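For reference, the structure is listed below as structure tokens.
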Amino acid sequence: MELTWSRLHIPYRSGRFVISGDTTATNDTFVVQATMDGKVGLGEAVPSRRVVGVGADEVEAELGRAKSALGPRSRSGDAAPPLPLPDLPSPVRCALDGALLDLWSTRREEPLWRALGLPRPEIPTTATVSLGRPEEMAREAQGHRAAGFRTLKVKLGEGQAEADIARIRAVHEVAGGVPLRVDANEGWNLTTTERLLPVLAECDVEVLEQPLPRDARPGDLRALTLAAEDEGVAHLLDEAAHGAPDVKRIGEDRLAHGVVLKLQKAGGLRAGLDVVDEADRQGLKVMVGCFVETWAGIALALQLAGRVAWADLDGAWLLAEEPVVPVEPFLEDGVLKASERPGLGIRAAPEVLSR
Ligand SMILES: [Mg+2]
């Protein structure tokens with residue numbers, strides 16, 4: 001097996017991506033290919049200092065270490081191949097998990113979800129509205145609705161509470177009654193959140209992601225969860241929830257109604273399924289989300305869509321270029337549906353990858 005990768009800087013469809021405390025103009029990502037007997041498996045590693053503490057240079061160095069460790073591997077066998085090295089950072093584990101599973105199921109000539117015994121994935125996804133001025137956000141929301149998305153995720157969490165109230169009202173006004181989800185990316189405190197919750201409820205917000213900092217006190221998180229419940233809003237943790245052990249603690253201490261699962265944080269699909277299993281045991285809801293990533297990352301996350309409550313998998317749609325493309329389109333009218341094609345149902349676009 002040969003492991004290769006492309007280090008990419010992809011521009012955003014809208015020119016920029018803004019969340020609380022972070023603005024970027026291009027997205028750094030690694031598309032990883034595992035090749036054997038002329039068949040290719042694709043995976044993706046997205047560096048993120050903010051969320052997983054790993055930058056692009058470190059991802060590249062760790063991919064090099066994984067390549068040496070992979071070495072010659074068994075060419076037959078029914079079991080999905082194990083990951084090399086236990087101590088790789090989570091985005092690198094995610095990329096290897098994706099590439100190895102895509103290659104394995106492609107060689108079996110089965111879609112990955114079926115090879116793993118998962119229900120066929122079909123789920124509406126949100127499209128993300130970047131943080132900005134209320135009128136800019138309303139314009140972006142209208143664009144997403146015109147493109148067919150039936151639910152929107154609104155980035156808030158910057159400036160005074162009044163600024164966020166104006167933003168969510170502006171989006172709600174043009175959203176046509178579809179459910180909204182809000183992500184404050186750690187930008188609020190308990191007082192601000194309790195003040196904003198009734199406004200969110202008025203604006204058809206069904207989910208609130210990570211309003212408080214990731215190291216918020218358990219007492220504050222419990223109070224917020226109860227306050228959100230009174231307003232009919234689900235409180236989810238994202239930056240504070242990475243793998244299954246976090247989910248166990250969140251469930252046992254009743255810190256939230258659910259978690260945002262991202263395979264880049266969890267370390268791949270198999271680790272992501274452990275998160276879903278633990279959430280089920282704890283009675284927590286799961287939203288499968290993503291970083292901004294290409295179809296290689298999105299296709300892997302999509303595999304477990306049949307086991308979660310909500311999906312926020314618009315990452316590839318936010319990018320202006322497609323270095324990896326679905327063999328058949330996954331996204332239609334805001335609904336993601338995995339194909340019957342073998343593996344992940346994606347292929348590399350060499351003309352974009354080599355740019
Ligand atoms: Mg989030």
Side-chain angles (χ1 to χ4, degrees), residues 12-25 50 124-214 216 220-221 223-240 256-257 260 287 289 292 310 312 314-315 317-318 334:
Y12 292 102
R13 183 191 279 265
S14 67
R16 78 208 202 310
F17 189 68
V18 188
I19 67 168
S20 179
D22 198 12
T23 302
T24 44
R50 189 182 73 83
T125 178
T126 46
T128 303
V129 177
S130 257
L131 239 175
R133 294 197 307 273
E135 62 277 17
E136 292 169 337
M137 294 178 71
R139 209 164 34 244
E140 194 175 354
Q142 280 170 313
H144 292 332
R145 290 286 287 124
F149 290 96
R150 303 166 197 188
T151 165
L152 303 174
K153 169 154 145 176
V154 186
K155 292 288 192 179
L156 299 179
E158 200 158 271
Q160 302 293 314
E162 286 71 20
D164 277 336
I165 290 173
R167 291 177 177 122
I168 192 64
R169 288 204 196 283
V171 171
H172 177 242
E173 209 159 281
V174 300
V178 299
L180 302 181
R181 302 168 193 167
V182 161
D183 189 355
N185 287 111
E186 312 179 84
W188 295 343
N189 57 34
L190 181 60
T191 312
T192 306
T193 311
E194 286 180 336
R195 187 172 154 213
L196 283 168
L197 272 168
V199 180
L200 301 185
E202 267 171 45
C203 292
D204 301 324
V205 172
E206 59 177 6
V207 164
L208 172 60
E209 258 181 64
Q210 195 74 50
L212 304 190
R214 66 191 79 184
D220 286 358
L221 290 167
L224 193 160
T225 302
L226 291 174
E229 211 163 294
D230 285 343
E231 297 292 346
V233 177
H235 169 224
L236 307 190
L237 294 178
D238 180 357
E239 283 87 342
H257 298 111
V260 180
M287 174 153 82
V292 181
W310 304 288
D312 173 27
D314 63 341
W317 194 78
L318 298 175

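All values reported here derive from a predicted model rather than from experimental measurement. This chain uses plain numbering: 1 for the first residue, then up along the sequence.
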Report all side-chain donor-acceptor pairs from residues 226-235 shorter than 3.5 Å, counting only partners two or more places apart or in another chain.
from : atom 1 : to   : atom 2 : distance (Å)
E229 : OE1    : H257 : NE2    : 2.8
H235 : ND1    : T225 : OG1    : 3.0

>> Does anything in residues 145-155 form a salt bridge (Lys or Arg N to Asp or Glu O under 4.0 Å)? List the pairs, not counting sequence neighbours.
In response: K153-D183, K153-E209, K153-D312, K155-D183
> With A147, which residues qualify under side-chain contact (heavy atoms from CB on, under 4.5 Å), at least two apart?
Replying inline: F149, W317
Please report, to 0.1 Å, the donor-acceptor pairs under 3.5 Å made by any side chain of residues 137-144, with sequence neighbours excluded.
from : atom 1 : to   : atom 2 : distance (Å)
E140 : OE1    : S130 : N      : 3.2
H144 : NE2    : T128 : O      : 2.7

>> Under the side chain to side chain donor-acceptor pair (under 3.5 Å) test against N185, which residue among E239, E158, Q210 passes?
In response: E239
> Below 4.5 Å, heavy atoms only, C-beta onward: do T192 and D164 meet side chain to side chain?
Replying inline: no
> Closest heavy-atom contact between L196 and A161?
Replying inline: CD2-O, 4.0 Å
> So do the side chains of W188 and L208 get within less than 4.5 Å of each other, counting heavy atoms only?
Replying inline: yes
> Considering all heavy atoms of both residues, which atom of A184 and which atom of P211 are nearest to each other, and what is their separation?
Replying inline: CB-CA, 3.8 Å
>> I want to check something: taking the side chain as every heavy atom from C-beta on, are T151 and W310 in contact at a cut-off of under 4.5 Å?
In response: no
> Can you tell me if CD on Q160 sees more than 12 non-hydrogen neighbours from other groups inside 6.0 Å?
Replying inline: no
> How long is the gap from CG on L200 to CZ on R169, to the nearest 0.5 Å?
Replying inline: 9.5 Å
>> To check you understand the geometry: which heavy-atom pair defines the closest contact between L152 and A175, and what is its length?
In response: CD1-CB, 4.2 Å
> Which residues satisfy the salt bridge (charged side-chain N to carboxylate O under 4.0 Å, His left out) test with D220, sequence neighbours excluded?
Replying inline: R217
> Less than 4.5 Å apart, any side-chain heavy atom of R13 and any of L318?
Replying inline: no
> Would the number of heavy atoms belonging to other residues, nucleotides or ligands and lying under 6.0 Å from CD of E173 be above 12?
Replying inline: no
> At what distance, to the nearest 0.5 angstrom, does CG of L212 lie from CG of L221?
Replying inline: 5.5 Å
>> Assess the residue pair D204 and V178 against the criterion (side-chain contact (heavy atoms from CB on, under 4.5 Å)); give the C-alpha distance rounded to whole Å, side-chain angles, the decisive distance to 0.1 Å, and a yes or no.
In response: CA-CA 8 Å; D204 301 324; V178 299; over 6 Å; no
>> Tell me the closest heavy-atom pair linking A223 and L190, and the distance in Å.
In response: CB-CD2, 4.4 Å
>> For the backbone of G132 and the side chain of R167, can you confirm whether one donor and one acceptor N or O come within less than 3.5 Å of each other?
In response: yes
Just list the side-chain donor-acceptor pairs under 3.5 Å for residues 14-24, sequence neighbours left out, or say none.
from : atom 1 : to   : atom 2 : distance (Å)
S14  : OG     : R16  : O      : 2.8
S20  : OG     : G157 : O      : 2.8
T24  : OG1    : Y12  : OH     : 3.2

